[in-house]
Amino acid sequence: MIVRVSALLLLLVASATPLADVEPAPDRRVGEGPYDTLILRGGIVVDGTGAPPIGPVDIVIENGRIARIVGLGPPGLPVDDGDRPELADGGREIDVTGHYVLPGLVDLHGHIGGEAQGTPAEYVYKLWLGHGITTVREPGSFNGLDWTLSESARSEAGEIAAPRIVPYVGFGMGRDEPITTPEQAREWVRDVADKGAKGVKFFGARPEVLLAAIDECREQGIGSAMHHAQMDVARADVLDTARAGLTTMEHWYGLPEALFHDRTVQHYPVDYNYADEQHRFTEAGRLWAQAAGPDDPRWQAVRDELIELGFVLNPTMTIYEANRDFMAARTAEWHADYTLPSLWDFFAPDRNAHGSYWFAWTAADEIAWRDNFRRWMAFLNDYKNHGGRVTVGSDSGYIYKLFGFGTVEELMLLQEAGFHPLEVLRAATLHGAETLGLDEEIGSIEVGKRADLLVVDANPLADWKVLFGTGAIRVTEDNEVVRTGGVRWTVRDGIVYDAPALRAEVRAMVESAWQDAGRILTQPGSAAD
C-alpha cells in the first residue's frame, strides 16, 4: 500500500515531524578502495573550473586525494612510458584512454525519498552514484534529522555506497509547537546547528520569524535554502530573504514576485485554492509573464542587488519539465527499467499526492509553461553573465523525475538557457561546492582535492545525454544502432565504483519489485492499469 503525502504536509513544514522511518542503506558491499595509490591513465580531463578539456593525462590519487596530474604530450601521438608515474606496490591503475574525466557532480537539491515514494535509500544512492553524482545536499531531511545525520556520517566514513550527504533540515522540524517568535526561531536554529545540521530549508513564516531564523543561520555559520511558497511570498520575496542572509533560493518562487512593477501579488484567479495542486502549478506557469522583463530597470536592479549579496540561484528546472511536456516526462525510456512500482504509483495523477496534479493538464497549460521556462532561463543566463552564481539541483522523486537521470536533465536545461557546456559543468561542480563551503575539498580536479570523479567513454560537453544510465543513441557507419556513454566509473573519496554494475543492481531491484507486485508498468488510466 502506498502512503500518500499531501502537498500541504510537504510544503508547509513549520513545526513538522519526520514523515516516516526509512531503512538505512546496508553496509557497503560494492566499490573498491580507497587505495594507497590509484592511477587513472590516459584520460581527457575537464576540471570543472571553466577550463577546456586537456589530455591525455595520468591522474595519481593517493589516500583518496589527487596527488599529481601528469600531462602525456599531444593527443594522438605515442606516449613515452618513461614519462608516466609508476604504480606503487598494492596500488591500482585503470586505463581510461579516450575517456573523459570530470569532477563528481554536486546536486544541491537531492531528496533521499521515503515511505511515500517507496524508495529505499540504497536504490536512491546507487542511482546517484551510477550517474556520477558524488555530493548531494539533502534539503529538508524529511526522514528525520537524526536519520539523515547518521546516513551522512556513514557515507563520510565509507561505510555505505552513497554520495557525500550534506544534511539540511526543514524549518521547525522536531518541535512540538509552532515557532511563533523570533527568539524561538533563533533558539531552534541554534539547536539544529548543535546537532550537526549543515543548513535549514525554509518554505515561509511570518516575516519577523523567518528573517530572524535566516539571520541566525548566518550567525551559526550554516547554510540556508528557501522555497518561497505562495502562502508567504507576498510578505517576503527573494530580496527580503537575501538581505537577511539567505544562501540559496530553490526553484524560482519569490524571484518573479521581486520583479513585479505593476502589481504587488500574483494575479490569482478568484477561484484559486493553493491546496488544489493543479491550481497551484497551473498559475505558477503564468507567473513569469507578470514580472518585469530584461529591458526593465526593475529586472536589472534586482539582478544586481542579488549578485552583490552573493545570492545563489538553484533553479531545479528539471522538476518542472513535465509541465511543458507531460507526455515526454511520463514516457521517458528509463522508467521501464529504473522506476519502482511504488514510485510509479506516486507519480500518477492523484489529488492527495504532492506533485501528482495532472487532473486536466491542457495544451494551454503546457504552452504557458514553455513561455515560463523561456523567461526564467533568460534571467538565469543574464544572472550568470553578470557574475551571479547558478548551481544544479534536481528535486527528483516527484513529477516523473528519477534520481540521477533528473540531474543530467538539469545540465541539458542549463545549456538550453544559454550556458556554454563548460559553464554548465562548473555550475554542477565547483559552484555547487562553493555554495556548500566545500570548494577547498571538492568541485574541481586539482591537486590536493579529494578524488571525486566521474569517467565516461564519450564527450559529455558535446552531448550531456551520454551521462544517462541508458546512454545515448548513435548510428555507426555500418548503419547499426548502438548505445554510447553511461558513466563508466564513479570515484568518491578514492573509492572506485563500477557505475554500470550499480545501475544493473538497481534494475534488478526494480524488476523484482514489479514481479512481486504481479504487474507491469502501464500509463495512468490505461485499461491494464
*Asks:* Kindly confirm or rule out a cation-pi arrangement of R492 over Y497, judged by NZ or CZ under 6.0 Å from the six-membered ring centre and within 45° of its axis?
*Replies:* no
*Asks:* Can you see whether T407 engages D107 through a side-chain donor-acceptor pair at a distance of less than 3.5 angstrom?
*Replies:* yes
*Asks:* Does atom NZ (K384) have a neighbourhood of more than 12 heavy atoms from anything else shown, all under 6.0 Å?
*Replies:* yes
*Asks:* When the ring planes of Y357 and F281 are compared, do they come out parallel, tilted or perpendicular, using 30° and 60° as the limits?
*Replies:* parallel
*Asks:* Identify whether the distance between the nearest side-chain nitrogen and carboxylate oxygen of E183 and R186 falls below 4.0 Å.
*Replies:* no
*Asks:* Can you label the angle between the Y320 ring and the H251 ring as parallel, tilted or perpendicular, going by 30° and 60°?
*Replies:* perpendicular
*Asks:* More than 12 non-hydrogen atoms from neighbouring residues, nucleotides or ligands closer than 6.0 Å to CD on E208, yes or no?
*Replies:* yes
*Asks:* Determine whether the side chains of H228 and E257 contain a donor N or O and an acceptor N or O closer than 3.5 Å.
*Replies:* no
*Asks:* In terms of the angle between their ring planes, are W358 and W361 parallel, tilted or perpendicular, with boundaries placed at 30° and 60°?
*Replies:* perpendicular
*Asks:* Any heavy-atom pair between the side chains of F202 and C217 that's under 4.5 Å?
*Replies:* yes
*Asks:* Count the heavy atoms belonging to other residues, nucleotides or ligands that lie under 6.0 Å from CD of E156, then report whether that count exceeds 12.
*Replies:* yes
*Asks:* Side-chain contact test, heavy atoms from C-beta onward, threshold under 4.5 Å: evaluate it for S394 versus K401 and give yes or no.
*Replies:* no
*Asks:* Using side-chain heavy atoms (C-beta onward) and a distance below 4.5 Å, is L436 in contact with I442?
*Replies:* no
*Asks:* What's the separation between atom CG in L239 and atom CD in E305, rounded to the nearest 0.5 Å?
*Replies:* 5.0 Å
*Asks:* Please determine if R164 and D452 form a salt bridge, counting it only when a charged side-chain N lies under 4.0 Å from a carboxylate O.
*Replies:* yes
*Asks:* For the CG atom of L211 and the CZ atom of R206, what is their distance to the nearest 0.5 Å?
*Replies:* 11.5 Å
*Asks:* Does F203 reach the side chain of D232, with side-chain heavy atoms less than 4.5 Å apart?
*Replies:* no
*Asks:* Taking C-beta and beyond as the side chain, do S396 and L402 meet within less than 4.5 Å on heavy atoms?
*Replies:* no
*Asks:* Is R65 paired with E441 through a side-chain N to carboxylate O contact shorter than 4.0 Å?
*Replies:* yes
*Asks:* Among pairs that include at least one residue of residues 296-317, which meet ring pair (Phe, Tyr, Trp, His ring centres under 6.0 Å), considering only residues two or more places apart or in two chains?
*Replies:* W299-F379
*Asks:* Check whether any side-chain heavy atom of P460 lies under 4.5 Å from a side-chain heavy atom of L102, and answer yes or no.
*Replies:* yes
*Asks:* Going by distance alone, is a donor N or O of one side chain under 3.5 Å from an acceptor N or O of the other, for K449 and S444?
*Replies:* yes
*Asks:* Quick check on salt bridge (charged side-chain N to carboxylate O under 4.0 Å, His left out): which of R370, R324, R286 does D365 satisfy it with?
*Replies:* R286
*Asks:* Assign the ring pair F171 / W188 to parallel, tilted or perpendicular, where the plane angle (0 to 90°) is split at 30° and 60°.
*Replies:* perpendicular
*Asks:* Go through the side-chain N and O atoms of R137 and T248 and say whether any donor and acceptor fall under 3.5 Å apart.
*Replies:* yes
*Asks:* Quick check for you: to the nearest 0.5 Å, what is the distance between M173 atom CE and Y168 atom OH?
*Replies:* 15.5 Å
*Asks:* Check R190 with D194, please: is the shortest side-chain N to carboxylate O separation under 4.0 Å?
*Replies:* no
*Asks:* Taking side chain as C-beta onward, heavy atoms only, is E410 less than 4.5 Å from P315?
*Replies:* yes
*Asks:* What I want to check is whether the side chains of E151 and Y125 have a donor and an acceptor closer together than 3.5 Å.
*Replies:* yes
*Asks:* Looking only at heavy atoms, which two atoms of N372 and A284 are closest? And how far apart?
*Replies:* ND2-O, 3.2 Å
*Asks:* Any side-chain heavy atom of M317 sitting closer than 4.5 Å to one from E416?
*Replies:* no
